[in-house]
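Since the structure is predicted, the reported quantities are computational estimates derived from the model, not experimental observations.
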Amino acid sequence: MNDVIKDKLKTLTTKPGVYIMRDENGNVIYVGKAKNLKNRVSQYFRNSPKPSKVQTMVDNVSSFDYFITMSEMDALALESNLIKEHQPFYNILLKDGKQFPYLKINLKDPFPKFEIVRRVKKDGAKYFGPYFAGLSAGEILKTINAAFKIRTCSNKITETSIAKRECLNYSLGLCSAPCTKRVLQEEYKKEIEKAINFLNGNDSEIEEIITQKMLNASNNENFEVAITLRERLKMIKKLKDRVVANLPKDVSKDVFAYVTDGLSGVITYMVIRGGKILGIISYTCNDAELEEGQTLFNFISQYYQNMLLPNEIILSHEIPSTDVLSEFLGKKINFISNPHGINKTLLDMALQNAKEYLEKHLEKDKLKYNNTLGALKVLKEKLSLREFPHRMECYDISNISGTNKVCSMVVFKNGEPSKKDYRKFKIKTVKGSNDFASLEEALSRRLKRYKEQNGESFKEKPNLLVIDGGKGQLSSCYEILQRYGLEDEIEMISLAKRIEEVFHPNNSLPTLLKPGSAELKLLQRIRDEAHRFAITYHRNLRNSKMAKSCLDEISGVGPKKRDALIQAFGTSEEVSKLSIEELEILPEINHNLAVTIFNYFKSHPITYQPEE
């Protein structure tokens, strides 16, 4: 523990708040909340035994900051926002946009329909799910549509609206055609109730309906339909196989089991709806909390955002502040940490899954560590870097004969791509094909934004800049670093492709990393990713410009006539070669317009330049 930490520990308050742990480079490595800041933060720095992953985190802490909040609830909300902003290595990080699918129906509509969504909203609609681990929301929806005549179209149906005719589904017996008033609202809602009854766990009625339909199709020698219905029956059987004995069908509960070996951890999540286990999934967990119950608390507070909340949550460890967590999630939940009977059986099942997952993935996690953080530690040592390269940036130029010049900026954090921080530059001041000058312009603009603290991805300091090239490229880029007075703050290297030599500024002798080593592969990955990103941006930019045809510049040629010319002759270049008589062949082109087009290309000839 250094003097900075000792002094700050003396100033800590007993009020609730959020604390931020930083490494020697000022990077945020952990964010936590506390009901009592003094007690919580002091625990990390006492000379008492700690789990290995907690001790590893503490060993990397150089300083910490804290924020006082009005309540523990406010601390939880602030902690959640700071974790999303900083993405600390020792926090649980659940990616946004990975929500499981649900089936949604709005019963307020006169003729409601089911749809698949991935976010649960407080909109008064009814949600079923989530569906994962072998259960497909799409397949369940197809099963519902095969049994009940519920519409699938997106038409807005009101009491006064009426469509011109029914769709194909009505002819196939899959829809009751409420759009043409073929069914009364009361009759339609009975079909909806049957479907909801199925989603709530009652399978017998839908199984009978689909079985009968399959037999009828087979008897009528409509074997294709019969085979499709047979697949729907398989889905129903899969659901029936997940029934939990002695569990009421109207119960919704989730199970969370946490196991750890002190260094690595796994949380297994099991969801039970309608008396069935809808899915089981496991997550590796790198949370540097002192208590296992607090780790579960942190996981659950992130996990249930935009998700359907159960009535009960069964836990392998007792968690603190359950009232605060319920308030944060927006629903009163019964947390059970010492289950009995069927709840204990479910928890034992989740624990067994977590233990097996931990055993199988320890080797995988070790490999990931060696290729990321482990490789960075070796790089720091082998390249004699002043700082741990937490944030690496690499740049690459792409152009064709000096046109559409672009530069990519790729960012790796802790050895992994951070795509939200990627940026791309259009080169504005360089004439012709000059990669040196283009790279200098892009780097100059990036460093200027850092000095001004302007732009979300540009505010954070890169620990290491990787330049694709040899001594020449490195020297020109290092001059930009010196121009902004950042040569002592930001380190720079270049990677030459010939034999993968690593060059340092002001040093003509390269460093050779071991071929095939994790640290060399990491440098190759960021370089190749920068090249891919630059090529993709250049191609998209070029295609966008090519899409704007020179035909648009000809008076009298609008979008329809332009499309007709392109469809008939292929490209603007081919059109430019046509005579007036050949142009007049198209019905859309009269004689006067054909003359206009011919004269335009006579005065504006197209010169074709091949790609290099």
Side-chain angles (χ1 to χ4, degrees), residues 392-411 421-452 454-455 457-458 462 465-487 490 492-498 501 503 505-506 508 526-554 571-573 575-576 600-612:
M392 298 167 60
E393 294 180 5
C394 188
Y395 299 80
D396 192 40
I397 303 296
S398 181
N399 68 85
I400 292 178
S401 299
T403 62
N404 297 325
K405 295 181 291 293
V406 298
C407 179
S408 66
M409 170 183 134
V410 161
V411 180
D421 292 308
Y422 285 17
R423 293 296 181 268
K424 46 200 178 186
F425 303 86
K426 284 184 183 178
I427 303 304
K428 301 174 181 178
T429 62
V430 179
K431 293 182 179 180
S433 181
N434 188 333
D435 286 0
F436 275 53
S438 297
L439 194 56
E440 288 173 9
E441 180 192 322
L443 192 59
S444 178
R445 286 160 60 185
R446 189 271 181 264
L447 295 176
K448 183 174 184 289
R449 297 284 288 275
Y450 168 66
K451 292 282 284 187
E452 296 172 349
N454 180 11
S457 184
F458 298 124
L465 296 176
V466 180
I467 306 302
D468 181 17
K471 290 182 286 187
Q473 285 91 339
L474 180 63
S475 297
S476 62
C477 291
Y478 190 66
E479 288 177 6
I480 305 297
L481 205 60
Q482 291 176 311
R483 187 185 306 166
Y484 285 93
L486 295 169
E487 67 273 19
I490 300 172
M492 179 183 287
I493 62 170
S494 71
L495 182 64
K497 288 179 183 175
R498 189 170 64 86
E501 299 166 303
F503 287 96
N506 304 318
S508 59
I526 193 170
R527 178 195 60 196
D528 294 344
E529 176 68 354
H531 183 67
R532 180 202 65 80
F533 193 50
I535 289 288
T536 301
Y537 179 42
H538 171 74
R539 186 181 295 120
N540 292 340
L541 191 65
R542 181 160 47 91
N543 290 342
S544 176
K545 288 187 176 181
M546 287 174 63
K548 186 178 179 182
S549 170
C550 59
L551 293 171
D552 293 327
E553 301 174 8
I554 302 175
T571 64
S572 300
E573 186 187 7
V575 174
S576 70
Y600 173 85
F601 284 115
K602 193 173 181 180
S603 58
H604 300 81
I606 294 179
T607 55
Y608 175 68
Q609 188 170 11
E611 294 186 10
E612 292 184 347

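Looking at every heavy atom in both residues, I427 comes nearest to S438 through CD1-O, 3.5 Å. Minimum heavy-atom separation, Y478 to M492: N-SD, 3.7 Å. Residues C407 and L439 share a closest heavy-atom pair of SG-CD1, 4.3 Å. Contact detail for F601 and S576: the closest heavy-atom pair is CD2-CB, 3.3 Å. The nearest pair of heavy atoms linking S508 to F503 is O-CE2, 3.7 Å. Here the closest non-hydrogen pair linking S476 and E440 is CB-OE2, 2.9 Å.
Put simply, OG on S444 and CG on L481 are 11.0 Å apart, with the number rounded to the nearest 0.5 Å. Note that the CZ atom of R532 and the OG atom of S398 stand 12.0 Å from one another [nearest 0.5 Å]. Atoms OH and CD1, from Y600 and I554 in turn, are 6.0 Å apart once rounded to the nearest 0.5 Å. The line from OH of Y484 to CG of L443 is 9.0 Å long, rounded to the nearest 0.5 Å. Separating the CD atom in E393 from the CE atom in M409 is a distance of 4.0 Å, to the nearest 0.5 Å. Interatomic distance, I397 CD1 to F425 CZ, rounded to the nearest 0.5 Å: 9.5 Å.
Note on R445 versus E441: salt bridge recorded, some NZ/NE/NH1/NH2 to OD/OE distance being below 4.0 Å.
Remark: the backbone N or O of V430 is paired with a side-chain donor or acceptor of K405 at under 3.5 angstrom. Side-chain atoms of S494 never come within 3.5 Å of backbone atoms of I467 as a donor-acceptor pair (strictly under, hydrogens ignored).
By the 4.5 Å heavy-atom criterion applied to side chains, L495 and I526 are not counted as neighbours. When side chains are defined from C-beta on, F458 does not count as touching K448, because their heavy atoms never get closer than 4.5 Å. Looking at heavy atoms from C-beta onward, R446 lies in side-chain contact with P462 at the 4.5 angstrom threshold. I493 places none of its side-chain heavy atoms less than 4.5 Å from the side chain of L474.
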Which is it for D468 and K497 under the salt bridge (charged side-chain N to carboxylate O under 4.0 Å, His left out) test, yes or no, and what are the steps along the way?
-> CA-CA 8 Å; D468 181 17; K497 288 179 183 175; 3.7 Å; yes

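Residues passing the ring pair (Phe, Tyr, Trp, His ring centres under 6.0 Å) test with Y422 are F533, sequence neighbours excluded.
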